[in-house]
Amino acid sequence: MIDLEKRAHEKYGLPLAALDDSDAYTMLMEIVREKAQSLPDTEGKRRLYYISAEFLIGKLLTNNLINLGIYNEVKEQLYHAGHDLNKVEECEVEPSLGNGGLGRLAACFLDSIATLGLPGDGVGLNYHFGLFHQKFRDNQQTELPDEWLHEQGWLVDTGKSYTVPFGGFSVTSKLYDIDVLGYGRKTKNHLHLFDLTSVDESLVSADSIDFDKTALKKNLTLFLYPDDSDDQGRILRVYQEYFMVSNAAQLIIEEALERGSDLHDLDEYAVVQINDTHPTMVIPELIRLLVDEHGIDFDEAVSIVRKMVAYTNHTILAEALEKWPLSFLRTVSPRIADIIEKLDYAEKEKDADPAVAIIQNDIVHMAHIDIHYGFSINGVAALHTKILEESELKPFYKLYPEKFSNKTNGITFRRWIMGCNPALTSLLDETLGTEWHTTGDLSGLMEYKDDPEMLEKIGDAKEIAKRSMRAFIKQNRGIDIPRNAIVDVQIKRIHEYKRQQMLALYLIWKYLDIKNGNIPARPITVIFGGKAAPAYVIAQDIIHLILTLSQWIAADPDVSPYLQVIMVENYNVTAAEKLIPAADISEQISLASKEASGTSNMKLMLNGAVTLCTMDGANVEIADLVGPENIYTFGASSEEVVRLYAENAYRPHGLYLRPGTKLLVDFITNPKFMATGNPERLKRLHDDMANKDWFMALLDLEEYIQVKERMYVDYEDRSSWLKKSLVNTAMAGKFSSDRTIKQYNDEIWHLD
Ligand code: 26V
């Protein structure tokens with residue numbers, strides 16, 4: 001039993017009712033920290049180390065209260081003292097340790113690993129200023145340091161520390177942990193976050209993300225993904241990566257020794273999941289430590305490491321697959337460069353095909369190290385894995401078919417419905433009981449799909465979520481959303497392949513259509529959220545187009561009562577938790593073949609949004625589950641897209657010249673519109689769309705507009721729409737990350 005009243009007296013000498021939200025938050029965080037600290041670690045001979053450059057963990061208070069099973073109790077005690085737990089939680093600052101789906105996936109996985117009682121920890125870096133804080137100025141993104149690290153945080157100082165040897169100098173690390181609690185579990189896991197003892201925050205000023213990239217002893221843990229548009233920035237990333245994996249490897253070996261390994265059997269004590277290629281150097285680093293520090297023969301070290309590392313691929317975009325000049329690696333660590341050369345040599349002896357070489361023209365292909373020297377390679381959705389096997393990694397698949405497998409991504413239901421959507425959670429609990437919290441099985445809801453009373457309850461839950469979303473938008477952007485608006489969301493990193501620009505073209509179409517007197521049945525609110533990489537110019541231009549359109553439409557009294565475009569500032573996990581429960585339409589419109597999986601598609605489906613999508617990533621699996629009457633699909637197939645690229649046959653200019661399309665694209669550069677924005681950005685984006693359109697937005701645009709219009713019309717048939725919504729929630733069980741983690745464990749990790 002928790003006694004908050006007593007605790008308030010002990011800590012502050014005040015009754016609970018007299019605390020302000022911030023003191024109440026601090027008190028609750030301390031209670032949770034103490035409870036977590038008192039739990040023993042999850043044990044098992046073999047331990048998983050999930051190494052990742054990103055962990056997008058979100059706020060932790062609610063999630064930890066839920067997992068400790070004390071959420072309702074705490075909420076009630078606070079309520080009786082006049083507090084609102086939601087308000088108290090607002091005092092928490094969201095950690096800025098991730099970027100997008102890859103980092104959020106890692107966070108969902110940690111929750112599921114702990115919930116399943118598996119011994120497995122995350123390993124990453126403690127970035128003091130995170131990715132960046134997004135602010136809009138003159139309808140453009142600006143980037144500021146994200147100052148998330150505060151005294152009253154979740155970090156636990158472990159007292160552990162290692163020396164990381166770079167070429168020419170070495171640094172000392174310091175390990176912080178965040179305790180990871182499983183739902184209903186009596187043991188805990190960890191998120192290990194390494195920091196630099198010599199880190200110097202004064203290299204960063206409050207109004208810019210620029211800093212001295214050469215001050216390596218001070219800067220390695222300042223930012224996630226520092227700008228890599230020059231060599232200095234690129235080499236800094238290699239330093240960061242080596243810092244991360246050297247610490248990880250030292251920790252792995254130390255813990256294995258403590259548990260009784262003689263290191264010849266290290267693979268029986270540890271398995272490493274390499275999350276995308278950023279942690280790839282853990283392979284040569286483990287080999288280095290086994291050979292240089294522990295006297296194991298090189299060949300034996302290689303064969304031990306081969307049995308303990310597994311790699312997950314998260315993208316087929318060539319520009320996102322890491323390749324480093326060997327000279328960079330040699331600067332960062334001469335020994336690691338030597339080991340990689342040895343590994344490359346051994347592989348070239350076995351296979352002369354240059355397509356599978358680790359080093360080609362003095363460039364190191366990081367993924368190739370993982371594939372040759374890991375025992376498992378997986379994609380993150382069925383279609384993605386198929387594309388890896390049949391095209392992107394085909395020569396490797398031929399070499400090692402047995403290493404390849406699919407592990408369709410998942411999301412933790414504890415955060416993505418129980419934590420963020422209390423109304424729908426209560427309805428599901430009342431209807432189905434609470435087993436679904438861990439089984440993920442919501443299919444029992446299907447029995448009610450024709451029950452008008454249940455459909456109304458689903459509708460009511462959506463209304464409740466919309467109310468809190470409206471308050472959030474008011475706070476975030478100062479905009480009021482009409483009560484009866486249909487809410488249509490596209491929330492994800494800004495990238496051309498995700499095609500936010502195609503939705504922007506639709507909005508121009510809709511704007512003109514309303515101008516022509518076609519008034520929609522109800523107000524339409526389209527919400528975007530996402531950050532663009534600072535050096536990614538076209539993505540910045542897309543943000544500018546959206547923000548300028550938003551302002552343009554809001555200023556037009558003929559259209560603004562019916563159409564609203566909102567871009568959330570600084571989209572993050574906290575914003576997602578407000579938007580996802582409230583959404584009616586989930587935009588998943590990437591160019592087929594390019595989105596490895598997507599995970600917002602799963603979160604939105606679970607919360608009853610209906611998906612509007614191309615047949616890409618996990619959308620394919622969603623479509624399979626819900627059936628054609630409960631999803632809206634459009635666009636060229638992945639086979640068609642792969643063919644167009646292979647034959648270099650896509651010609652956007654012809655598509656642009658179609659009168660309907662030209663009107664929309666040229667709207668961007670009409671003088672009045674340009675005058676409200678930044679002409680250079682708008683012109684560049686216009687010309688890119690009309691002439692290059694590398695991600696084929698114009699190819700799918702016409703069909704997209706048609707399907708979207710049909711969707712808005714269908715929304716007006718309330719009971720049939722609510723039925724679609726119900727079916728989506730009911731069929732979302734497959735996407736529980738508990739299912740995903742069971743598969744990783746059964747097929748890859750084999751933890752006890
Ligand atoms: C990274 C970069 C970095 C340089 C600029 C271009 C670019 C483009 C894409 C990426 C993505 C890196 C990997 C990644 O985040 N993949 C995402 O992983 C999610 C979890 O598996 C998955 O749901 C998303 O579909 C996938 O994009």
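Every number for a ligand or one of its atoms is a count from 1 in the order of the listing.
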Using a strict threshold of under 4.0 Å (side-chain N to carboxylate O), is an ion pair present between Lys708 and Glu587? yes
What orientation do Tyr506 and Tyr704 show, parallel under 30°, tilted 30 to 60°, or perpendicular over 60°? perpendicular
Salt bridge check: are Asp441 and Lys734 linked by an N-O gap of less than 4.0 Å? no
Taking atom NZ as the centre, does Lys394 end up with more than 12 heavy-atom neighbours from other residues, nucleotides or ligands that are less than 6.0 angstrom away? no
Between Arg414 and Asp111, is there a salt bridge with N-O shorter than 4.0 Å? yes
For ligand 1, what N or O to protein N or O distances fall under 3.5 Å?
unit_1   : atom_1 : unit_2 : atom_2 : d
ligand 1 : 16 (N) : His314 : O      : 3.0
ligand 1 : 21 (O) : His314 : ND1    : 2.6
ligand 1 : 21 (O) : Asn409 : OD1    : 2.8
ligand 1 : 23 (O) : Gly598 : N      : 2.8
ligand 1 : 25 (O) : Glu595 : OE1    : 2.6
ligand 1 : 25 (O) : Ala596 : N      : 3.4
ligand 1 : 25 (O) : Ser597 : N      : 3.0
ligand 1 : 25 (O) : Gly598 : N      : 3.0
ligand 1 : 27 (O) : Tyr497 : OH     : 3.1
ligand 1 : 27 (O) : Glu595 : OE1    : 3.1

Counterpart residues, ring pair (Phe, Tyr, Trp, His ring centres under 6.0 Å), relative to Phe396 (two or more places apart): His368, His372
